[in-house]
2 protein chains.
Amino acid sequence: MRADAEKNRSQILTVAREVVTEHGADVSMRDIARRAGVGLATLLRHFPTREALFEALLCTDLDALTQKAAELERSTSADEALLSWFRKLVEFTQSYRGVVAMMAAAHTNPDSALYASCAAVHSAGARLLLHAQREGTARADMNGDDLFALITALGWAVDQPSFAPRADHLVHLVTDVILTNPPGNDFMKATP
Amino acid sequence: MRADAEKNRSQILTVAREVVTEHGADVSMRDIARRAGVGLATLLRHFPTREALFEALLCTDLDALTQKAAELERSTSADEALLSWFRKLVEFTQSYRGVVAMMAAAHTNPDSALYASCAAVHSAGARLLLHAQREGTARADMNGDDLFALITALGWAVDQPSFAPRADHLVHLVTDVILTNPPGNDFMKATP
DNA sequence: ACCTGAACACCGTTCAAGT
DNA sequence: ACCTGAACACCGTTCAAGT
């Protein structure tokens, strides 16, 4: 890549991170190009689609998540690994507003620039689930798709301003359903 | 309202129902106006926003849902009432693609044309939950917001093509978390 | 090679001009 | 009263023209 092209590319990525952090994943590509000081056409040749841009923005974090899954699998018990990875992933979905919806859409069509990363995260989660199921600490009537659906659904809900305040509690509720013997399962005595 | 205006209004509603059923809630207002054979400006004066249009499209069903809650509260046990109303509501969210996201957004801002209906549904659900909690059949550490969040999150997930096939099972998983003593809770023996 | 402005077909909003 | 076409400011896509 030519030097000026490389400079444009990194400039775009830096600015995109700022703009998206501020205005969410649905911000117009034109705005990003404007704030990066390049033509819209230039932005679109570096990143032909919005998802291509986000693939570049997220790949580091997504790779870290798949790696984290393997790491947790080694270091702790299967149920704890699943639980804390679940939390990590939900937390990740909050990195930018609207990014969960994009990932869920990408998960559907293999042509998306985000498809590969999503698939990797998906199977990393499926592994953790399977492991916990073999030990009997995760409920047996679930598969990787269910896990991914619950995580993204949760991420989407927490994305909504009206549900955000209950975020931690909602995570707690949903993780409860996954583990057969959740830690501190004393909700009968708890109060809202 | 003048006779021709009334005719336009009902024509718009009929056509909108068709178009939205086919293309989802995000279809362009222009398309609806086009297929209804009226100018775009006409459509927009009858329904100034997309949400105003949907309020008209959904109000019958939404009213039915709030009424159904009261009906169930009388006719069956608190946990069964909560459970079957939950299912009804999730089912309703599938009436048009993308309608859940709109309702969740409407739930946030009181200026939305859909706000009132959403609030009514919300409090109907909260009542059912409270009733079941008093009997000890629904977990105590939940409130109406959590219930609404779980339902819409589930509706959103089922809206995604990749998660749709697991819809019934996902509903089963999430309802399990709400009831303290779910019916047929034998998931340890079940297989995916 | 790489960048860019402009043309294009779309969107929802607004309003002056028609009946 | 009600309807409508058109102008407007936006969007993402595409491409011929520039360096």
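Treat the numbers as computed from the prediction; the structure is a model and nothing was measured. Chain identifiers are assigned alphabetically (A, B, ...) following the order of the sequence lines, protein sequences preceding nucleic acid strands; residue numbering begins at 1 within each chain.
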To the nearest Å, give me how far apart [atom1] ([X]) and [atom2] ([N]) are.
| X | N | atom1 | atom2 | result |
| --- | --- | --- | --- | --- |
| B:I12 | D:dC2 | CD1 | C1' | 12 Å |
| A:L53 | D:dG12 | CG | P | 11 Å |
| B:R2 | D:dC2 | CZ | C1' | 4 Å |
| A:F47 | D:dT14 | CZ | P | 18 Å |
| A:D4 | D:dG18 | CG | C1' | 14 Å |

*Between residues 33-45 of chain B and DNA chain D, which residues have a heavy-atom gap below 4.0 Å?*
B:V38, B:G39, B:A41, B:T42, B:R45
_Contacting residues from residues 15-30 of chain A, given that a heavy atom lies under 4.0 angstrom of DNA chain C_ = none
_I'd like the P distance from C:dC8 over to D:dA7, given in whole Å._
16 Å
*So with a 6.0 Å cut-off around CG of A:N109, is the heavy-atom count from everything else above 12?*
yes
_Is the phosphate of C:dC2 approached by A:N8 (side-chain N or O, under 4.0 Å from OP1 or OP2)?_
no
*asked:* Counting only side-chain nitrogens and oxygens, does A:H46 get under 4.0 Å of the OP1 or OP2 atom of C:dC3?
replied: yes
*Ranges pairing with ranges for DNA chain C, where each run has three or more Watson-Crick or G-U pairs under 3.5 Å*: C:4-8 with D:12-16, C:12-16 with D:4-8
*Does A:R50 reach the main-chain N or O of A:A25 with its side chain, forming a donor-acceptor pair under 3.5 Å?*
yes
_Parallel, tilted or perpendicular: ring planes of A:Y96 versus A:F54, cut at 30 and 60 degrees_ = perpendicular
*asked:* As a test of reading the structure: which of D:dC11, D:dC2, C:dC2 is closest to the side chain of A:A5, going by heavy atoms?
replied: C:dC2
Between [X] and [Y], is there a side-chain N and carboxylate O pair less than 4.0 Å apart?
| X | Y | value |
| --- | --- | --- |
| B:E22 | B:R35 | yes |
| A:D146 | B:R166 | yes |
| B:R139 | A:D176 | yes |
| A:D31 | A:R34 | yes |

*asked:* If the test is side chain to side chain contact (heavy atoms under 4.5 Å, CB included), which one of B:I151, B:L150, B:V174 qualifies with B:V90?
replied: B:I151
*Could you walk me through whether B:F163 and A:T108 pass the side chain to side chain contact (heavy atoms under 4.5 Å, CB included) test, one step at a time?*
CA-CA 9 Å; B:F163 301 142; A:T108 300; over 6 Å; no
*Rounded to the nearest 0.5 Å, what's the gap from CD on B:E73 to CG on B:L128? Could you check?*
5.5 Å
*For A:N143 and B:H169, does a side-chain donor sit closer than 3.5 Å to a side-chain acceptor?*
no
